[in-house]
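Here is the structure we will look at, set down as structure tokens.
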Amino acid sequence: MIPFLLVAALPLFLAAFSGVAEATSCNATSPCPSSAPCCSEFGFCGTGAFCLGGCNPFASKTLDSCRPEPLCKDSTFTFADQSRILSNYTLFDGNSSKYDWVIDKGSIQNNNGDLAMVLTETNGGTRMSSTRYVHYGTITAKLKTGRWGGVITAFITMSDIKDEIDWEFPGAATTEAQSNFFWQGVIPTGKSNGGTHGGLSDTFSNYHDYTIDWQPDTLAFSIDGKVVRTVKKSDTVDSAGVAHYPTTPSRVQLSLWPAGIPGSPAGTVDWAGGMINWADPDYKAAGQFYALVKSVTIKCTNAQSVPASSNITSYVYGGNRSDATPTIIYSNRTTMLNAAGRISPVVGSLSSALLALGMGVVLGVNALLL
Ligand SMILES: *[C@@H]1O[C@H](CO)[C@@H](O)[C@H](O)[C@H]1NC(C)=O
Ligand SMILES: *[C@@H]1O[C@H](CO)[C@@H](O)[C@H](O)[C@H]1NC(C)=O
Ligand SMILES: *[C@@H]1O[C@H](CO)[C@@H](O)[C@H](O)[C@H]1NC(C)=O
Ligand SMILES: *[C@@H]1O[C@H](CO)[C@@H](O)[C@H](O)[C@H]1NC(C)=O
Ligand SMILES: *[C@@H]1O[C@H](CO)[C@@H](O)[C@H](O)[C@H]1NC(C)=O
Ligand SMILES: *[C@@H]1O[C@H](CO)[C@@H](O)[C@H](O)[C@H]1NC(C)=O
């Protein structure tokens, strides 16, 4: 389905970006200017945070305007300790060794050691993104969904050119899960692409493991370790020989978002189970809607081998913008936003000074370093 920020929250997002944004919009045919070279996931040009997660290389000034994407790392995340979650993504500097996740919007809480994502009538929902990317791998989230019509719980992977793999949970249907995938923002041709997988014990009251097993040739969706859907890349090839299959490095995203609100397309509201009832007793009692995440496990299956001795740190886009299937290069370039990370080698106080200037870029004080 439609990533919720595009539907619900663009104005808030632009407000959060203010100071580094130019009003200029961007797309693959109209990329960003040198003065604001990075095209954000929402299609606006800027510097700083615009160049990190979600930055679209095909719509940015050059293919390497966006910072390299941090390499996948095998991990199991639990959430009793939330110190490695950055609550405001605009403060991220690209150091994925420091933060595992950034909050793109909304807020989280610690619910007896589980992560609670919060939706209120005014916050527009919550979304959290991994700082690292996955370029094929097996990702499992153990979670409890919302149970309210119009409210969507989601666990997805999303690339910077909008290859997307979804688990989604419309809140009005708590015995089923929906699977979906997109290729560069479009539904693969000629398919009714979503899958609905029913028969689950109540997804609000019970934890289930939802898995995205994304491999170069196959994509499998599992619930509690049992495969419920498999897609073969070879089955997505169009008449021109192009596979409509996700192939680009992707962040893992978890969200709770309001689909049943004024301004949402009618089809989205229907899919979500109607308009949200803000007078729901659960909402009255808790003062919020929420979904709980107990853990996320990521097992990387990089498409190329990454021996420790190679010093590989990141993924970058090679080839050119008109490639139907982008070329992904495994790179030793730094993912850091600041100039210190971009000039090698740097030492001691010079490094600190440049880091400080780098933060200036994040905050929109000084765009020159980009
Ligand atoms: C790309 O952006 C330009 C400039 O904003 C706009 O005129 C054009 O319609 C956009 N193209 C697409 C396909 O969205
Ligand atoms: C995030 O930080 C930026 C820059 O300091 C600030 O403008 C923005 O209001 C913050 N957002 C939130 C939600 O706190
Ligand atoms: C990234 O963060 C880690 C952990 O906090 C820290 O040790 C490292 O120095 C940081 N790297 C840079 C380039 O700032
Ligand atoms: C990795 O980095 C180390 C230390 O900078 C260097 O000695 C080594 O040659 C690098 N390896 C490769 C394959 O570039
Ligand atoms: C981009 O790739 C296409 C298809 O591979 C090729 O025809 C074209 O010449 C390339 N353009 C540039 C500028 O390299
Ligand atoms: C990065 O890779 C290039 C070749 O791609 C190599 O020349 C360089 O030494 C590498 N740097 C490090 C720090 O490994």
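Indexing begins at 1, ligand by ligand and atom by atom, following the structure's order. Residues: numbered from 1 along the sequence shown. All values below were derived from every heavy atom in this structure, side-chain atoms included, with hydrogens, water molecules and symmetry-related copies excluded.
Checking D235, D238, N193 one by one against H244, the side-chain hydrogen bond (donor to acceptor under 3.5 Å, both in side chains) holds for a single residue, D238. Checked against Y133 for a side-chain hydrogen bond (donor to acceptor under 3.5 Å, both in side chains), the options T157, T335, D160 give a single hit: D160.
Remark: SG of C32 is not found under 2.5 Å from SG of C38. Remark: C72 SG to C300 SG, distance under 2.5 Å. Between C55 and C66, the two SG sulfurs come within 2.5 Å of each other, short of that mark.
Annotation: atom 9 (O) of ligand 1 to nearest protein heavy atom, N27 ND2, 4.7 Å. Atom 2 (O) of ligand 4 has N311 ND2, 2.2 Å as its closest protein atom, hydrogens excluded (heavy atom only).
In this structure, atom 14 (O) of ligand 1 is in close contact with the protein, since a protein heavy atom lies within 4.0 Å of it. For atom 5 (O) of ligand 4, no protein heavy-atom neighbour is present inside the 4.0 Å cut-off. Distance screen at 4.0 Å: atom 11 (N) of ligand 4 has a protein heavy-atom neighbour inside the cut-off.
Between the side chains of T203 and T145, at least one donor-acceptor pair of N or O atoms lies under 3.5 Å.
The atoms of ligand 1 that sit less than 4.0 Å from any heavy atom of S25 are 5 (O).
Of the polar atoms of N332, none of the N or O atoms is found under 3.5 Å from an N or O of ligand 4, judged by distance alone.
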